[in-house]
Amino acid sequence: MLYETPRYRTSGERHLLVELGASVSLEANFRAIALSRALEASAGLGTEGIKAIIDTQPSFTTVLIEYDPKLLTQEGLKQLCSHHLSQLVQAEQIQLDSRLIEIPVAYNDRWCRACFEDYCKTIKPIEDNLELICRINGLDSIEALINYHSSIEWWVGTVGFIAGLPVLMPLDPSCQLRAPKYDPPRTWTPKGTVALGGGFTAVYPMVTPDGYQMLGRTPLRLFDPQSDQAPFEESPVLLSVGDRVKFVPISEARFEEIEREVTAGTYRYSISAAQSVSLDELQQQPLPLAA
Amino acid sequence: MISSPKLTPINGAVQTSSPVVEVLKGGLETTVQDYPGREGYLQLGIPRSGPMDPKSFQLGNQLLQNPADAAGLEIQFVGPKLKFLRATAIALSGANNRPKLNQQAIPMWSTVVIKAGDILSFGHARSGARTYIHFAGGLDVPVVMGSRSTFTRAELGGLEGRKLEKGDRLSSFLTKVLETSHPIHQIQPLQRPAFSHQWTIELLLGPHDDELSKGDIQQFIQTNWRVSSRSDRVGYRLEGADLSFSHNAHHHSPDRDEHPSNKIDYGCHLGTLLFCGQTPTILMVDSPSLTGYMAPFTVCQASLWKVGQARPGDYFSFQVIDPETALRRQSDINRTLAFG
């Protein structure tokens, strides 16, 4: 549900949290991303007042804005946000630049299983992650779960927590794949793990604690601040808000092959050129992946 | 992403550098940091990093007439042992951890002239958690995403993205000033940050103060909170009271998990005070950029250095101030930093 007027929340002297709706939806997320991009575009105009915007962090229902209170008052920033929001068309018709990116995943892999076994041994015994997801979602086999997770298109709703970690939601609103989180959370998760929590999929750019149920592992790099080669020549992170993701099942052998290619810099990431998309178009027909 | 402005050229320094120290012992966690760190990368999940006590750090750079963005070392609790490879000048700021040069005590908050072969070592601080070593000209490590600050969790910036280890060598930019005749500056006691074990931290209400009742807020303010040993550059955890949650916080949207402190993931930052279940947690310089916990308060900019200097076992009492007062506090600090 989208609010008629946004709720502005003070987050210290130099941050404003703009809340656009009360619950997670693609509509709210599209609006948040569009507001964030409009503010960043205006930051590039170079007039004194608007340069005051330092950073924006769009998420599912909110945009966090960092601004310089010496150059722009909170009241002025609210007016700027209201102006941009009034310029936006209905959420379903908002056009956003979006790329389609293929992420190869070794589902039900030995590295995540080792992490799971470590948790069972050192913290407490729990149900197998993939079997648990199957049971909760009425899927009759792990193959059916892998088919389902890799057949739908995922939307990058936000990127953050740490170093380029994307949180994805299904573009198809009828998808109801859900999973509870670990309690207590894991102390570590293998780098590249693809995991499900709530209705979201996350991909871990590095070893990190977390509580999503592990599905598999990708050999791709999600964060590389040192590289000036594709796909990191313009941004140190692979996935940005507004990108779409298709997960492609691979074997453990293929995982190791791709991992070597990634290290050698010879792996060709499958990333389509950015094209302007709206929620209406995306939900009517999936866009083809560019060659 | 909004790109950060390029670093300003190092004024009064020649843009070459040479090894200035060799690390004999790394200390507990000694890292290269600069101020203000990385700006503009929240939406990539890259935190600001930089010094936990920006006030001491900036004062220290001024003792050497360094540019504002000159990088130095942050020491946490246990200091390193360093051997100087050439003549230079240094300054020490932050917590007084009994610095010694060749076994002789040297002053904090003062320029110190250094000869090749000198050995710098440290004892322990009685109050305060972080000490800074500043080098004339500033440390020369690669600028990554607009900053030289180390973010160890992502192996980013600083020296190979990690804390210092035995055998490391660090370079600093050469300055035009002759090392042997480096002007001696001092920060007078009244201008130095005042260290304590009982800190008063000023807060602003928001972003989620509306989810607490007036009684909840009173309960939080009247509690003397103890700093947990599980506190670091990512966040400071507090212990002290069982929090109850008012009626407001129990109106869940179905996307939230069970606990009333859970929210739909939203952007957070340095200074955000989260209620992680029952545990208040202040996000610090290496914090995540998204959270699923509610944040009823935010620490004022002018109080952040105190959090960064608090030791586990210290106490925090909180005061809520209004945004105008908070901005005035910060400009007061900026004025004291604007000497020289």
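These numbers were taken from a predicted model, which means no experiment stands behind them. Proteins get letters first, then strands, A, B, ... in listed order; numbering begins at 1 in each.
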> Can you pull out the residues in residues 157-166 of chain A with any heavy atom less than 4.5 Å from chain B?
Replying inline: T158(A), V159(A), G160(A), F161(A), I162(A), A163(A), G164(A)
>> Using a 4.5 Å heavy-atom cutoff, which residues in residues 220-233 of chain A come close to chain B?
In response: F223(A), P225(A), Q226(A)
> Do any of residues 6-13 of chain A come closer than 4.5 Å to chain B, heavy atom to heavy atom, and if so which ones, in number order?
Replying inline: R9(A), T10(A), S11(A), G12(A), E13(A)
> Which atom pair, heavy atoms only, marks the closest approach of G242(A) to R37(A)?
Replying inline: CA-NH2, 4.1 Å
> What part of S36(A) is in contact with chain B, defined as an atom under 4.5 angstrom from a non-hydrogen atom: side chain, backbone, both or neither?
Replying inline: side chain
> Should the pair W225(B) and F220(B) be assigned to parallel (<30°), tilted (30 to 60°) or perpendicular (>60°) ring geometry?
Replying inline: tilted
>> Taking atom CD as the centre, does E239(B) end up with more than 12 heavy-atom neighbours from other residues, nucleotides or ligands that are less than 6.0 angstrom away?
In response: yes
> Mind checking whether Y266(B) and H208(B) have parallel, tilted or perpendicular rings, split at 30° and 60°?
Replying inline: perpendicular
>> Walk me through whether R335(B) and D332(B) qualify under salt bridge (Lys or Arg N to Asp or Glu O under 4.0 Å).
In response: CA-CA 5 Å; R335(B) 237 191 333 276; D332(B) 288 347; 2.7 Å; yes
> Does Q43(B) use its side chain to pair, donor to acceptor, with the backbone of T56(A) at less than 3.5 Å?
Replying inline: yes
> What residue in L64(A), V207(A), V167(A), L239(A) has the most heavy-atom pairs under 4.5 Å with chain B?
Replying inline: L64(A)
> Is a salt bridge present between E29(B) and K163(B), judged by a nitrogen-to-oxygen distance below 4.0 Å?
Replying inline: no
>> Can you tell me how the ring of F316(B) sits relative to the ring of Y236(B), calling it parallel under 30°, perpendicular over 60° and tilted otherwise?
In response: parallel
> Which residue pairs satisfy the salt bridge (charged side-chain N to carboxylate O under 4.0 Å, His left out) criterion with at least one member in residues 186-204 of chain A, sequence neighbours excluded?
Replying inline: none
